[in-house]
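Below is one structure, written out as structure tokens; comments come after it.
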Amino acid sequence: MSELNSIALKILSIGKGILAADESTGTMTKRLDAINIPSTPDNRLLFRETLFSSESMKTCIGGVILYDETIKQNTSSKKTIPELISASGAVPGIKVDTGAKILANSPDEKITEGLDGLRERLKEYYKLGARFAKWRGVYIISDKYPSKLSINTNAHALARYAALVQESGMVPIVEPEVLMDGNHSAEDCFNKTSEVIKKCYEELILNKVDLTGSILKPNMILPGSSSDKKIINEKVAKLTLKCLKETVPTEVPGIAFLSGGQTEIEATENLNLINKHNDTEFIMTYSYGRALQQSALKFWSKDTNNIKGTQDTFNHRANMCSLAAQGKWSEKLETK
Ligand code: 5MM
């Protein structure tokens with residue numbers, strides 16, 4: 001087993017998933033503004049340190065994706081944030097893209113930037129304790145989108161990023177996110193997501209990325225958020241599995257879904273059904289941002305000194321996701 005494969009498998013251990021806490025300062029400020037908490041470096045650290053020192057970190061979280069600011073911060077007990085995360089048995093990770101910018105010649109779409117100087121930044125993050133990295137490409141759905149230009153350029157960037165990350169001894173998380181925004185059907189989402197993922201693997205293979213030392217972070221197959229063509233969750237799970245079976249090479253050890261704007265319960269229920277029906281060798285787990293943090297953030301906003309209450313709220317969500325990653329969740333457990 002290669003070193004990269006063993007890091008990937010550690011992140012994806014049974015009943016564990018990834019906590020995506022890599023909101024850039026802009027996104028975190030929006031989240032904190034919405035709950036009337038000033039977005040200062042100290043407040044951002046306080047919320048994140050509260051989550052990272054929760055009990056469920058030991059049992060439900062295999063990896064944490066950090067933002068540049070957080071990986072360089074120290075905890076109240078003078079540990080570094082990667083030390084705190086490692087002490088719970090989870091692997092510290094880092095978002096290394098510098099954001100999605102307007103795509104030249106297709107201004108409705110985005111291209112993710114951050115390749116310039118990446119090799120040097122990766123060396124620094126490795127020294128700070130990171131052992132995996134994340135890069136997110138974003139795609140919109142409409143009649144004409146995502147365009148071939150967006151599919152090809154984002155896949156190229158994801159593959160060059162992944163090759164550099166492996167060169168620096170870390171596991172790349174490859175995140176092609178086909179957004180939920182719009183009134184498209186689940187079938188449209190299936191077709192476009194399949195095209196996007198296929199192209200990503202074409203480029204990853206061309207760039208000689210060792211797929212056994214990588215993790216895919218895709219969206220689930222869902223109708224657009226403003227579509228009236230809703231489908232049952234069983235169908236979401238089956239379409240998602242079909243899409244991944246047809247597009248992801250079997251060397252990839254695991255798939256960690258993003259929640260993409262689903263509610264906490266929807267994201268949990270859909271993951272649970274995916275695991276119940278999983279007839280592949282892929283480990284299927286979570287790499288949730290909002291679907292792991294939303295309730296905890298809301299609770300914390302009422303009293304930022306109530307560390308225990310915030311952690312209890314986070315622990316519950318993490319435990320529910322952990323059960324879903326094993327196909328053992330049921331709605332009645334939510335109210336226990
Ligand atoms: C945590 O949010 C990440 C994006 O932050 P920025 O937009 O500020 O860069 C995002 O990449 C996240 O990791 C994934 O989209 C998954 O998050 P959700 O909330 O969709 O599960």
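Reckoned from all heavy atoms, side chains included, excluding hydrogens, waters and symmetry mates. As the structure lists them, so they are numbered: ligands from 1, and atoms in each ligand from 1.
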Notebook entry, point to check: Should Arg317 and Glu334 count as an ion pair when the cut-off is N to O under 4.0 Å?
Noted result: yes
Check: Does the side chain of Ser53 come within less than 4.5 Å of Leu84's, by heavy atoms?
Finding: yes
Check: What atoms of ligand 1 come within less than 4.0 Å of a heavy atom belonging to Glu177?
Finding: 15 (O)
Check: Atom CZ in Phe314, atom CZ in Phe47: separation rounded to 0.5 Å?
Finding: 8.5 Å
Note to self: Against Glu23, only a single residue in Lys95, Gln293, Lys30 fulfils side chain to side chain donor-acceptor pair (under 3.5 Å); can you say which?
What the structure shows: Gln293
Note to self: Quick check on contacts: which atoms of ligand 1 are under 4.0 angstrom from a heavy atom of Ser24?
What the structure shows: 6 (P), 8 (O), 9 (O)
Note to self: Please list, in number order, the atoms of ligand 1 under 4.0 Å from a heavy atom of Lys217.
What the structure shows: 12 (C), 13 (O), 14 (C), 16 (C)
Next item on the list: Please step through side chain to side chain donor-acceptor pair (under 3.5 Å) for the pair Tyr145 and Asp108, ending with a clear verdict.
Entry: CA-CA 9 Å; Tyr145 299 135; Asp108 293 336; 2.9 Å; yes
Next item on the list: Would you please determine whether Lys134 falls within less than 4.0 Å of ligand 1 on a heavy-atom basis?
Entry: yes
Next item on the list: Check ligand 1 against Tyr288 and write out every atom of the ligand that is under 4.0 Å from a heavy-atom position of the residue.
Entry: 21 (O)
Next item on the list: Rounded to the nearest 0.5 Å, what's the gap from OG1 on Thr153 to CG on Leu158? Could you check?
Entry: 10.0 Å
Item checked: Side chains of Val196 and Thr247 in contact at under 4.5 Å (non-hydrogen atoms) -> no
Next item on the list: Could you tell me whether ligand 1 has any atom less than 4.0 Å away from a heavy atom of Ala291?
Entry: no
Notebook entry, point to check: Any salt bridge between Glu202 and Lys199, counting N to O under 4.0 Å?
Noted result: yes
Next item on the list: Among all protein heavy atoms, pick the one closest to atom 17 (O) of ligand 1 and tell me residue, atom and distance.
Entry: Gly289 N, 3.6 Å
Margin query: When you measure from the heavy atoms of Lys95 to every atom of ligand 1, does any distance fall below 4.0 Å?
Written below: yes
Notebook entry, point to check: Do Cys321 and Trp329 have side-chain heavy atoms sitting under 4.5 Å apart?
Noted result: no
Check: Does a salt bridge link Lys72 with Glu124, judged by any charged N lying under 4.0 Å from a carboxylate O?
Finding: yes
Next item on the list: Return yes or no for this condition: an N or O of Arg290 is under 3.5 Å from an N or O of ligand 1.
Entry: yes
Next item on the list: Below 4.0 angstrom from a heavy atom of Leu258, which ligand 1 atoms are there? Numbered from 1 as shown, please.
Entry: 16 (C), 21 (O)
Note to self: Which of the numbered atoms in ligand 1 are under 4.0 angstrom from any heavy atom belonging to Ala20?
What the structure shows: 1 (C), 13 (O)
Check: Could a heavy atom of Asp22 be found less than 4.0 Å from some atom of ligand 1?
Finding: yes
Check: Identify the closest protein heavy atom to atom 14 (C) of ligand 1: which residue and atom is it, and at what distance?
Finding: Glu175 OE2, 3.2 Å
Margin query: Would you compute the distance between atom CD1 of Ile81 and atom CD of Glu49 and round it to the nearest 0.5 angstrom?
Written below: 5.5 Å
Note to self: I'd like to check which ligand 1 atoms, numbered from 1 as shown, lie under 4.0 Å from a non-hydrogen atom of Glu23.
What the structure shows: 1 (C), 5 (O), 8 (O)
Notebook entry, point to check: Taking C-beta and beyond as the side chain, do Ile197 and Val178 meet within less than 4.5 Å on heavy atoms?
Noted result: no
Next item on the list: Ignoring angles and geometry beyond distance, decide whether Ile65 reaches within less than 3.5 Å of ligand 1 through its nitrogen or oxygen atoms.
Entry: no
Check: Among protein heavy atoms, which sits nearest to atom 18 (P) of ligand 1, and what does the distance come to when rounded to 0.1 Å?
Finding: Ser259 OG, 3.3 Å
Notebook entry, point to check: Using heavy atoms and a threshold below 4.0 Å, how should the contact between Arg136 and ligand 1 be classified: side chain, backbone, both, or neither?
Noted result: side chain
Margin query: Students should be able to answer this: which protein heavy-atom is nearest to atom 6 (P) of ligand 1, and at what distance?
Written below: Thr27 OG1, 3.5 Å
Next item on the list: Show which atoms of ligand 1 fall inside a sub-4.0 Å distance from at least one heavy-atom site of Gly260.
Entry: 18 (P), 20 (O), 21 (O)
